[in-house]
Amino acid sequence: MIEDFPQSFVSQFQREIHEAYRRMGSKLRHTVSAKDNVTTPATNFRDGTVTCGIGETWAGDWVDRLDELKTNVDERGIIANAGAYALGRKTDEQIVVALNASRNFAGLPDDGLNEGKALHALEMLKAAGIPDDGQRHAVVGWKQWSQLLKIDDFANADYVGTDELPWRGTQAKRWLGTLWLPHSGLTLLSGNIRLCHWYHRTAVGHAIGDAVSTDITWHDDRGAHFINNMMKQGAVLVDPAGVVTMRCLEA
């Protein structure tokens, strides 16, 4: 029962989830402007001209034998990492929604991601005055990633080592002055059009309120505890000119 778990245990578990989230939760938060420890319902980016609202998001899981978490460090780590990953997916969802607000489209949505479409997107960024300062990122679907690997220049570009990345569990390459990474959570429109984005770090803002909180409740009908991890966060498109969207057809 939940009474067997004092607040000291819950607080420790919260810290472990929060640390795991920072370490490997979100793949996209490290590619945008970020604010932590926001205590108000909203915060501002770009010198106060763009407001980002902050709301609660939840990510929970069922655990049958919660008592093992008290003594089994490995088991606790598995549950904490799962909670951190789920929160990270929520973060990435919010950032993707902000990126989807872009109306700068490179190429037509009647083909996949080819070199011509990528170069068109690059020219659009240059024309908008977006600096080539090492803070450009491109996020594509796995289908588009496989298409990029058919481009000689991209295929021959160096992979970024895991020791250089703030996240784990994915590939990344540097090409055309940009860090490219695949992501499974990009929006797929009707008609099988995947929205991929090339953007500058300052074009999107993401804010997180207080640290991760965790609620543990016992459910007799399931004979299990439910661990609900919560976090206050929000994302917003800060600079529309700093995002170019590549609409890619998936056959």
Side-chain angles (χ1 to χ4, degrees), residues 5 9-38 54-66 68-70 72-100 137-143 145 159-172 179-188 194-197 204-217 219 222 224-235:
F5 300 91
F9 169 80
V10 176
S11 297
Q12 175 189 355
F13 194 50
Q14 287 175 348
R15 287 194 301 271
E16 292 176 356
I17 294 174
H18 187 65
E19 291 169 0
Y21 170 82
R22 296 292 187 196
R23 186 173 63 252
M24 47 74 72
S26 168
K27 292 182 174 65
L28 298 184
R29 189 169 193 262
H30 303 286
T31 71
V32 302
S33 298
K35 282 188 177 183
D36 290 316
N37 302 318
V38 178
I54 300 174
E56 289 187 346
T57 57
W58 298 269
D61 199 5
W62 294 96
V63 177
D64 293 331
R65 301 177 66 181
L66 191 64
E68 290 187 1
L69 301 189
K70 281 185 174 180
N72 191 324
V73 175
D74 291 338
E75 183 69 18
R76 192 165 67 243
I78 291 172
I79 299 300
N81 286 339
Y85 178 78
L87 288 174
R89 293 294 289 188
K90 294 288 187 181
T91 295
D92 287 354
E93 285 176 15
Q94 291 186 332
I95 293 173
V96 167
V97 169
L99 288 167
N100 288 349
H137 300 83
V139 57
V140 302
W142 281 102
K143 176 70 173 180
W145 185 261
Y159 280 97
V160 179
T162 55
D163 56 334
E164 300 179 57
L165 298 174
W167 60 84
R168 297 292 182 268
T170 193
Q171 305 174 42
L179 182 68
W180 294 73
L181 64 150
H183 197 285
S184 61
L186 298 185
T187 300
L188 183 65
R194 183 77 64 183
L195 298 182
C196 304
H197 305 284
V204 174
H206 183 262
I208 288 184
D210 296 334
V212 173
S213 61
T214 302
D215 179 62
I216 304 176
T217 55
H219 292 256
R222 292 286 298 263
H225 288 86
F226 186 72
I227 300 178
N228 191 17
N229 302 303
M230 296 162 283
M231 191 164 59
K232 294 181 179 179
Q233 55 181 318

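Quick caveat, the model's predicted, so the values are computed rather than measured.
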How close do Val38 and Ala207 get, counting heavy atoms only, and between which atoms?
CG2-CB, 4.1 Å

What distance separates Trp142 CH2 from Gln171 CD, expressed to the nearest 0.5 Å?
4.5 Å

Which atom of Leu186 lies closest to which atom of Val139, heavy atoms considered:
CD1-O, 3.6 Å

NE2/His30 to CG/Leu165 distance, rounded to the nearest 0.5 angstrom?
9.5 Å

If I take atom CG from residue Asn37 and atom NZ from residue Lys232, how far apart are they, to the nearest 0.5 angstrom?
12.5 Å

Using atom types as modelled and distance alone, determine if a side-chain donor or acceptor of Asp92 lies under 3.5 Å from a backbone N or O of Leu28.
yes

Could you check whether the rings of Trp145 and Tyr159 sit parallel, tilted or perpendicular, using 30° and 60° as the cut-offs?
tilted

Point-to-point distance, once rounded to the nearest 0.5 Å, from CD1 of Ile17 to OG1 of Thr214
4.0 Å

I'd like to know if the side chain of Arg29 reaches the main chain of Ala34, judged simply by a donor and an acceptor atom lying under 3.5 Å from each other, with no hydrogens or angles considered.
no

Are the side chains of Lys27 and His183 in contact, using a 4.5 Å heavy-atom criterion?
yes

Might you work through the side-chain contact (heavy atoms from CB on, under 4.5 Å) test for Lys143 and Arg194, ending with a clear yes or no?
CA-CA 9 Å; Lys143 176 70 173 180; Arg194 183 77 64 183; over 6 Å; no

So which heavy atom on Cys196 is nearest to which on Gly141, and how close?
SG-N, 3.8 Å

Scan side-chain atoms only and decide if Ser184 and Arg89 contain a donor-acceptor pair under the 3.5 Å cut-off.
yes

Just wondering, do Ile227 and Asp61 contact through their side chains at under 4.5 Å, heavy atoms?
no

State the NE2-OG1 distance between His225 and Thr217, to the nearest 0.5 angstrom.
8.0 Å

Could you tell me the separation between the CG atom of Leu99 and the CG atom of Leu195, rounded to the nearest 0.5 Å?
10.0 Å

In terms of heavy-atom contacts, Gly83 and Asn229 come closest through CA-ND2, 3.6 Å

Look at the side chain of Thr57 and the backbone N and O of Met231, then say whether any donor-acceptor pair between them is shorter than 3.5 Å.
yes

Give a yes or no on this: more than 12 heavy atoms of other residues, nucleotides or ligands lie within 6.0 Å of atom NZ of Lys35.
yes

